[in-house]
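First comes the structure, then the notes that go with it.
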Amino acid sequence: MNKTADVTVVGGGVIGCSIAYYLAKKGADVIVVEKNKGPSFGASGTNQGACPLQLFEPPVLELARQSLKLYKNLSEEIGYDIEYDNVGALVCSVDEKQYSDMKKHVEKKKKQGINVRLIEREELLKLEPTLGENVVVGVEEWESCGVNPFKVNYGFACAARRLGARFLFSTEVGKIEKDKDKVTSVATDKGKIITNFLVNAAGAWSPQIGKMLGLVIPVKPRRGQIIVTEPTPLNKRWRCISDADYLLTTAFDLKATEVSKDKRIKLGVAGVYLQESTGNWTIGSSRDFADYNTNVTMQTIRYIAKRAIKFIPKLKDVSCIRTFAGLRPFCYVDGLPILSKVDNPQNFVIATGHAGEGITLAPITGKLISELIVENKTSLPIDAFSFSRFKNAYLQNLG
Amino acid sequence: MERKLQERKVNNIVCRCEEVTEQEIRDAIRKFNLTTVDEVKRLTRAGMGLCQGRTCGSLMEKILSEEINKKVSELLPLKKRPPVRPIKIKLLAKKERESE
Amino acid sequence: MKKCDVLVIGAGPAGLCCAIEAARAGADVILIDENRRPGGQLFKQIHKFFGSKQHKAGIRGFDIGIELLEEVQRYEVNMLLNTVAYGIFDDKTVEIVKDERITDTIQGKKILLATGAIENPVAFPGWTLPGVMGAGAAQTMINIHRVLPGRRFVILGTGNVGLIIAYQLLQAGADVIALVEAASKIGGYQVHASKIRRAGIPIFTSHTIKEVKGNMQVEEVVIVQLDDSWKPIEGTERTLSADCVCIAAGLHPSIELAQMAGCALGFSSELGGHLPLHNEDMETTVDGIYVAGDIAGVEEASTAMEEGRLAGIDMAQKLGHLSKDKAQDKKEKIRENLFALRSGSFGYLRYKAKLNIIQTMEAIKKNQEKKQWSYK
């Protein structure tokens, strides 16, 4: 039997479930279609759950800032503890040459209205004895948080379901039917859904959905690898520590990683050390392209481990109990998310390309996309994330 | 200590590493309609400890199969990732044959 | 990085036999084991094996172990002990740590995973108290380390493991208070059971452990009778005074490395649960990765040895160290042995289960071929 819905969301990850929740909150009748057996089987379940504000640059910065605000009361709002943890964020350098860059970083962040503070080496070591002798300088800020990504994803799903949203798991989209310039229905292996809107929140798999409509969505899977350790006593001050390399090279500067002669930089390895409230550390991060392969590679794990010891030497005697890898939806044109309607079909909405920032940006993405669909305008400008920015590039139509 | 032991008796522990009880696991399965042991792990922390589910994995399968009325044979075991045994970070960091 | 023809992970009976066969044929073999000494569980088997002469009947497990170790040395197998294989990666590379300090990567043209099995837990209230342990763990403590982990034992499970351990505990000087069995009859061989009976130890069938009590360790074991549908019958509780509970509820294959390698899994309750699908030469769905022994279905040391040999011979043949005819001859003999070992009422169930695993594997392979064909 055919199902009908106001909005069909493809993808049950944190982005899809957030969209479903905010839509359902506005009274929309939503169906989420997910090919895996549940939420969080893609990037949403294979990340660190860190949301460090000071690493963001405009235009994404404003999204991140608003998203963090939404996170603050999210547990209460959805009636489920997402383990919001006000860990703050320390960006730290172990390279003398980065000192001036860090100074510039502080000035820039201050101008952006982020309450950052530069901390010299001696004070760093005094405030956080677990930091290594190698540290040069650090920048702290306390708006950032950590969350339990699984709980965010399942929390959104559960809250959406309470508001009437339906979830079809283990369900794959086979065909999208169109009438002139509108999507009319989505054919799945569990039956047809007649729908007024279709949202593509399939993350690293979103290009495949786009392809069904003849659209080239310039996103490809970028693999991130992470180490998990046994618990250690909680750090005194900072439990979310990032490598300045994250800021200066690997995460945001594509060129820098490409042209670098350093194998570590080439693999996109820059430390992000997050100590959960349980005492366990998750240690990231890396960026490489291996199609849809989610295996970890020893080469990358080795660089991540080596880097970790440089920042937090005591980690050397702590045991790794697991490693994992996830596929981030990475926009290979400019690295920015795509939050947008398209010209044709006009009721097709894209919400992907969040790269490594999916967890941070999930709440605001859900809110904005729900506004875009229900009110046809958004409370924050999203032009920078428009699909039409690729128009004159080289792709648009498959033909 | 006394109280904790008492609690354990009432609420049987399934995952010893993370001290997750049978009741917590059953509650999570019901609340979120979980259908895989990997999801049970993610939402309860059972199997996330030092042994990575070597002991409790089979217990989790059994509980899940009871809750969702499926045979254990129809469930997949917990997904496994390296390392099989806990390995010190300094050993992961080592270049091959560095210390030989 | 070290390279070799054949990399064997696990130096129990299956791993040792695979290493011996492959090395005998001329392959360059590395054999690793996380323990300080090879042999797996063989060295704690102080009882005599059953079956026919050719299956080492009448010989004790540890003597078989010594024999195999001599062979391994004779054929110059490179053995790395106290060595953990903590991960298996692309291109058949395995990461190892030796002596908790030396790291290395080993690449094998063929890899045997002979990682054995893990004891099944049973989670009754109080199972986390000190004094509750796997029967196999208790066996290791008494037969290898020569330490009695308790004085007064209750054993849950009357399969062969439960029965043998009860007897060995008696030999080691402990008191065995009772054996408890949820099924309506004893699971293991009568020969073993009668030894227990002769010693005057009660065996409570249709019973289970309801609860273990104790302040800081096991003090009391409450058992309860079960009805036909395995539900406890209220009012039938009985309290036994004991300080140690051995759980002999079977084992399940230790498949972590096989999962990491991407081997497709099957399920067989007769063989202990989830296990890697494999063909009749013990090769899994991943080309060049083999399994043998308990990882390929929990059976006995005798079948594990034969499976290991099969794998070793097939590897040697595929690596060009054995002619097809010669390998075929050897394989036939081993298959006959395996068939003989899997006879009898217990054996036949395992035989059928094994056949099912092999057939499932063949069906999957066929499907894969079909798929590849249709893509072209």
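Remember, predicted model here, so these are calculated numbers, not experimental data. Here is how names work: the chains are called A, B, and so on, in the same order as the sequence lines, proteins then strands, and each is numbered from 1. Side-chain atoms are counted along with the backbone in the values below, which use heavy atoms only and exclude waters and symmetry mates.
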Heavy-atom proximity to chain B below 4.5 Å, by part of [X]:
| X | result |
| --- | --- |
| A:P231 | neither |
| A:I283 | side chain |
| A:R307 | neither |

Worksheet entry | Salt bridge present between B:K88 and A:E230 (N-O < 4.0 angstrom) |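 Here B:K88 does not pair with A:E230 in a salt bridge, since their nearest N and O are not under 4.0 Å apart.
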Worksheet item: Quick one: does B:P82's side chain get under 4.5 Å of A:V296's, heavy atoms only?
Response: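 In short, these two side chains touch, coming nearer than 4.5 Å.
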Item to complete: Answer yes or no: is there a side-chain heavy-atom contact under 4.5 Å between B:L92 and A:M298?
Response: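 Yes, close enough: below the 4.5 Å cut-off.
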Fill in: Toward chain A, the part of B:L34 with a non-hydrogen atom under 4.5 Å
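Looking at B:L34, just its side chain touches chain A.
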Practice prompt. Check A:D317, A:L315, A:V318 against B:K90 for a side-chain contact (heavy atoms from CB on, under 4.5 Å) and give me the one that passes.
Written response: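 Among A:D317, A:L315, A:V318, the one that satisfies the side-chain contact (heavy atoms from CB on, under 4.5 Å) with B:K90 is A:D317.
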Spatial distance of atom [atom1] ([X]) from atom [atom2] ([Y]) [nearest 0.5 Å]:
| X | Y | atom1 | atom2 | result |
| --- | --- | --- | --- | --- |
| B:I87 | A:I227 | CD1 | CD1 | 12.0 Å |
| B:M48 | A:I321 | CE | CD1 | 9.0 Å |
| B:L43 | A:S40 | CG | OG | 7.5 Å |
| B:T36 | A:N36 | OG1 | CG | 9.5 Å |

Which atoms form the tightest heavy-atom contact between [X] and [Y], and what is the distance?
| X | Y | answer |
| --- | --- | --- |
| B:P83 | A:T323 | CD-N, 4.2 Å |
| A:C158 | B:K31 | SG-O, 3.9 Å |
| A:K37 | B:T35 | O-OG1, 3.7 Å |

With a cut-off of 6.0 Å (strictly less than), are more than 12 heavy atoms of other residues, nucleotides or ligands near [atom1] of [X]?
| X | atom1 | answer |
| --- | --- | --- |
| A:K263 | NZ | no |
| B:K62 | NZ | no |
| A:E76 | CD | no |
| A:K310 | NZ | no |

Worksheet item: Within the distance-only criterion (no hydrogens, no angle test), does the side chain of A:R322 pair as donor or acceptor with the backbone N or O of B:Q52 below 3.5 angstrom?
Response: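 Looks like no, no N/O pair under 3.5 Å.
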Fill in: CA sep, side-chain torsions, deciding dist, call: A:R161, B:N33, side chain to side chain contact (heavy atoms under 4.5 Å, CB included)
CA-CA 11 Å; A:R161 190 185 284 131; B:N33 300 328; 3.3 Å; yes
Practice prompt. Could you list all the ring pair (Phe, Tyr, Trp, His ring centres under 6.0 Å) pairs where at least one residue sits in residues 22-52 of chain B, not counting sequence neighbours?
Written response: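 Those involving residues 22-52 of chain B are A:Y80-B:F32, A:Y154-B:F32.
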Worksheet item: Checking side chain to side chain contact (heavy atoms under 4.5 Å, CB included) for the pair B:T44/A:F150: CA distance, chi angles, key distance, verdict?
Response: CA-CA 10 Å; B:T44 63; A:F150 301 126; over 6 Å; no
Worksheet entry | Top of B:K79, B:R42, B:R85 for chain A proximity - count of heavy-atom pairs under 4.5 angstrom |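 The answer is B:R42.
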